[in-house]
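We're numbering straight along the sequence, starting at 1. This structure is a prediction, so every number in the text was calculated from the model and none was measured.
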Amino acid sequence: MKLIKCDSSKNEVVKHNDLMKAVGELSMPAQKMLASLISMIRSDDSEFQEHALHIESFAKATNVKSKNINFYKDRALELMKNPFELKKGIYFNWCNKVDITTHNGYIVFKVDNELKPYLLQIQNNFTKYRLINIMKLKSSYSPVFYEYLIMRYNTYKNEYFKQNKKHPKSYTFELNIDFLRENFKVPKSYRYNDIKRQIIDKAQKDFKEYTDIQFDYKEKKIGRKVDRLVITVKDNNRGSNDFLSDLQSFIKYMRKNYINHDVWKGQGMILSISENGRIYNKKTLGEYGKKDALKVWENWYELAKNNQLLCLKQGRLF
């Protein structure tokens with residue numbers, strides 16, 4: 001077992017889309033704990049390993065102020081006590097083991113083996129997002145709403161890119177209010193105005209401030225009743241995706257996070273970033289000059305925006 005501190009700036013969550021749609025009744029800290037746990041799983045593994053979540057770094061990443069170990073224990077136990085429906089009439093648990101005694105300052109988890117088809121060796125129909133996108137969200141419904149939107153948006157972008165060889169500027173679709181109630185586990189006592197105020201508007205504010213996407217919406221009515229929302233999702237360069245806002249932000253981010261990692265492979269070359277921030281070829285150990293390096297940075301930047309850069313696609317740089 002590997003002891004890993006929670007690094008939300010690098011880790012990625014990768015889940016089969018069927019699992020993305022599965023919503024249990026977890027508290028917001030438990031949702032973030034689950035996402036942190038999933039981000040530590042290597043999707044190319046054939047079996048689940050035990051993973052240890054560092055409590056202090058998790059608290060720092062999520063702005064949780066509590067230092068009481070029982071608070072984190074109770075959140076961890078939610079992952080064993082809140083079964084969710086993944087297939088019609090069939091319920092699953094997230095974890096079959098939680099251990100808070102083995103390693104001081106860590107909680108050890110073991111994901112339930114029934115979830116292997118949805119988290120390990122996934123070849124298609126999956127969604128990937130950077131963990132940092134949900135760690136600062138404030139509203140209890142924002143994490144699950146983010147996962148739903150990013151799943152639909154990424155699916156659309158991938159199909160659009162296959163057909164047009166470029167990424168769309170936005171994605172518009174309709175979201176039925178009854179679907180939202182059922183799939184987000186909204187209390188029956190909530191009227192539409194409660195949903196608008198407590199879920200939609202708070203998520204809209206959260207996403208714009210903390211995530212890589214943002215959205216606008218219009219209400220569609222049947223008579224006087226709001227029946228569905230027309231939602232338009234687009235990239236947000238002011239949230240966690242700000243490293244792609246311009247070339248200089250991208251270069252600064254890469255130099256901070258990907259020193260000595262393989263960034264690009266091809267044409268007999270393996271390109272990396274040296275300790276002094278320069279691009280070099282690992283096969284020849286030669287560094288690029290300023291002019292040639294700028295061309296490489298520009299190429300990498302375009303690849304990164306299209307999610308085609310090797311190191312960003314691999315993720316999980318622990």
Please step through side chain to side chain contact (heavy atoms under 4.5 Å, CB included) for the pair Lys225 and Tyr192, ending with a clear verdict. CA-CA 9 Å; Lys225 178 184 176 182; Tyr192 170 72; over 6 Å; no
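- Residues Tyr91 and Val144 do not share a hydrophobic cluster, clusters being chains of Ile/Leu/Val/Met/Phe/Trp/Tyr side chains in contact below 4.5 Å.
- With rounding to the nearest 0.5 angstrom, the CZ atom of Arg228 is 12.5 Å from the NZ atom of Lys221.
- Remark: side-chain polar atoms of Asp194 are paired, donor with acceptor, to backbone N or O of Arg191 under 3.5 angstrom.
- Partner of Cys95 under the side chain to side chain contact (heavy atoms under 4.5 Å, CB included) criterion, out of Leu115, Leu79, Asp112, Leu77: Leu79 alone.
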Evaluate the ring pair (Phe, Tyr, Trp, His ring centres under 6.0 Å) criterion for residues His54 and Tyr106: first the C-alpha distance (whole Å), next the side-chain angles of each, then the deciding distance (0.1 Å), finally the verdict. CA-CA 4 Å; His54 187 244; Tyr106 288 82; 4.8 Å; yes
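- Between Leu229 and Glu219 there is a side-chain heavy-atom pair separated by less than 4.5 Å.
- Applying the 6.0 Å contact sphere to NZ of Lys136 captures more than 12 heavy atoms from other residues, nucleotides or ligands.
- The shortest distance between side-chain heavy atoms of Asn133 and Val13 does not fall below 4.5 Å.
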CA sep, side-chain torsions, deciding dist, call: Leu26, Phe84, side chain to side chain contact (heavy atoms under 4.5 Å, CB included): CA-CA 10 Å; Leu26 298 174; Phe84 59 92; over 6 Å; no
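- Ring orientation note: the planes of Phe145 and Phe207 are tilted relative to one another, at an angle of 30° to 60°.
- Between Ile273 and Trp300, the closest side-chain pair of non-hydrogen atoms falls below 4.5 Å.
- Remark: Asp216 pairs with no residue by the side chain to side chain donor-acceptor pair (under 3.5 Å) rule, at least two apart or across chains.
- Summarising the geometry, atom CG belonging to Leu175 is positioned 9.5 Å from atom CZ belonging to Phe215; distances are rounded to the nearest 0.5 Å.
- Using modelled atom types and a 3.5 Å distance limit, the side chains of Asn236 and Tyr210 yield no donor-acceptor pair.
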Would Lys295 and Glu298 satisfy salt bridge (Lys or Arg N to Asp or Glu O under 4.0 Å), going step by step from the backbone distance to the final call? CA-CA 5 Å; Lys295 291 180 181 179; Glu298 290 173 342; over 6 Å; no
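- The environment of CD in Glu56 is sparse: at most 12 heavy-atom neighbours from other residues, nucleotides or ligands sit within 6.0 Å.
- A side chain to side chain contact (heavy atoms under 4.5 Å, CB included) with Tyr72 is found for exactly one of Leu53, Ile55, Ile100, namely Ile55.
- Val64 has its side chain out of reach of Met33: every pair of non-hydrogen atoms, C-beta onward, lies at least 4.5 Å apart.
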Yes or no on side chain to side chain contact (heavy atoms under 4.5 Å, CB included) for Thr232 and Lys234, after CA distance, side-chain angles and deciding distance? CA-CA 7 Å; Thr232 298; Lys234 58 184 178 180; 5.6 Å; no
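- Lys202 and Gln198 share a side-chain donor-acceptor pair at under 3.5 Å.
- Using bins of under 30°, 30° to 60° and over 60° for the plane-to-plane angle, the ring pair Trp297/Phe250 lands in the perpendicular bin.
- The shortest distance between side-chain heavy atoms of Phe58 and Ile107 does not fall below 4.5 Å.
- Rounded to the nearest 0.5 angstrom, Leu137 CG and Ser142 OG are separated by 5.0 Å.
- Between Phe92 atom CZ and Leu19 atom CG the span is 9.5 Å, to the nearest 0.5 Å.
- Separation of atoms CD1 (Ile195) and CG (Asp201) is listed at 11.5 Å; rounding is to 0.5 Å.
- Cluster membership check: Met151 shares its hydrophobic cluster with Tyr217, using side-chain heavy-atom separations under 4.5 Å among Ile, Leu, Val, Met, Phe, Trp and Tyr.
- One hydrophobic cluster, built from ILVMFWY side chains closer than 4.5 Å, cannot hold both Met20 and Met28; they sit in different ones.
- When the options Lys15, Gln31, Lys21 are evaluated for a side chain to side chain donor-acceptor pair (under 3.5 Å) with Glu147, the one that passes is Lys15.
- Judged by the 6.0 Å distance and 45° axis criteria, Arg75 is positioned over the aromatic ring of Phe71.
- Within 6.0 Å of CD in Gln121 there are more than 12 heavy atoms belonging to other residues, nucleotides or ligands.
- Using the six-membered ring where Trp is involved, His261 and Tyr258 have ring planes that are perpendicular, over 60° apart on the 30 and 60° scheme.
- No hydrogens or angles considered: nothing links the side chains of Tyr171 and Asn154 as a donor-acceptor pair under 3.5 Å.
- Side-chain contact of Asn281 with Tyr288: a donor-acceptor pair under 3.5 Å is absent, judged by distance alone.
- A tilted orientation is assigned to the rings of Phe179 and Tyr148, their planes being inclined by 30° to 60°.
- For the pair Lys220/Asp227, no side-chain contact is recorded, criterion being any heavy-atom separation below 4.5 Å from C-beta on.
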Please lay out, stage by stage, how Lys185 and Tyr141 fare under the test side chain to side chain contact (heavy atoms under 4.5 Å, CB included). CA-CA 9 Å; Lys185 307 298 181 186; Tyr141 287 97; 5.7 Å; no
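- Both Met80 and Ile90 are part of a single hydrophobic cluster, where members link through side-chain heavy atoms under 4.5 Å apart.
- Interatomic distance, NE2 of His16 versus NZ of Lys116, reported as 15.5 Å (0.5 Å rounding).
- A donor-acceptor pair under 3.5 Å is formed between the side chain of Lys32 and the backbone N or O of Met135.
- For Asn276, the side chain to side chain donor-acceptor pair (under 3.5 Å) partners are Ser274, not counting sequence neighbours.
- There is no path of hydrophobic side-chain contacts, each under 4.5 Å, that joins Tyr280 to Leu271.
- Between Lys205 and Ser139 the shortest side-chain heavy-atom distance does not fall below 4.5 Å.
- Side-chain contact, Tyr156 with Arg152: no donor N or O sits under 3.5 Å from an acceptor N or O.
- Residues Phe109 and Leu34 are not in side-chain contact: their nearest non-hydrogen atoms beyond the backbone lie 4.5 Å or more apart.
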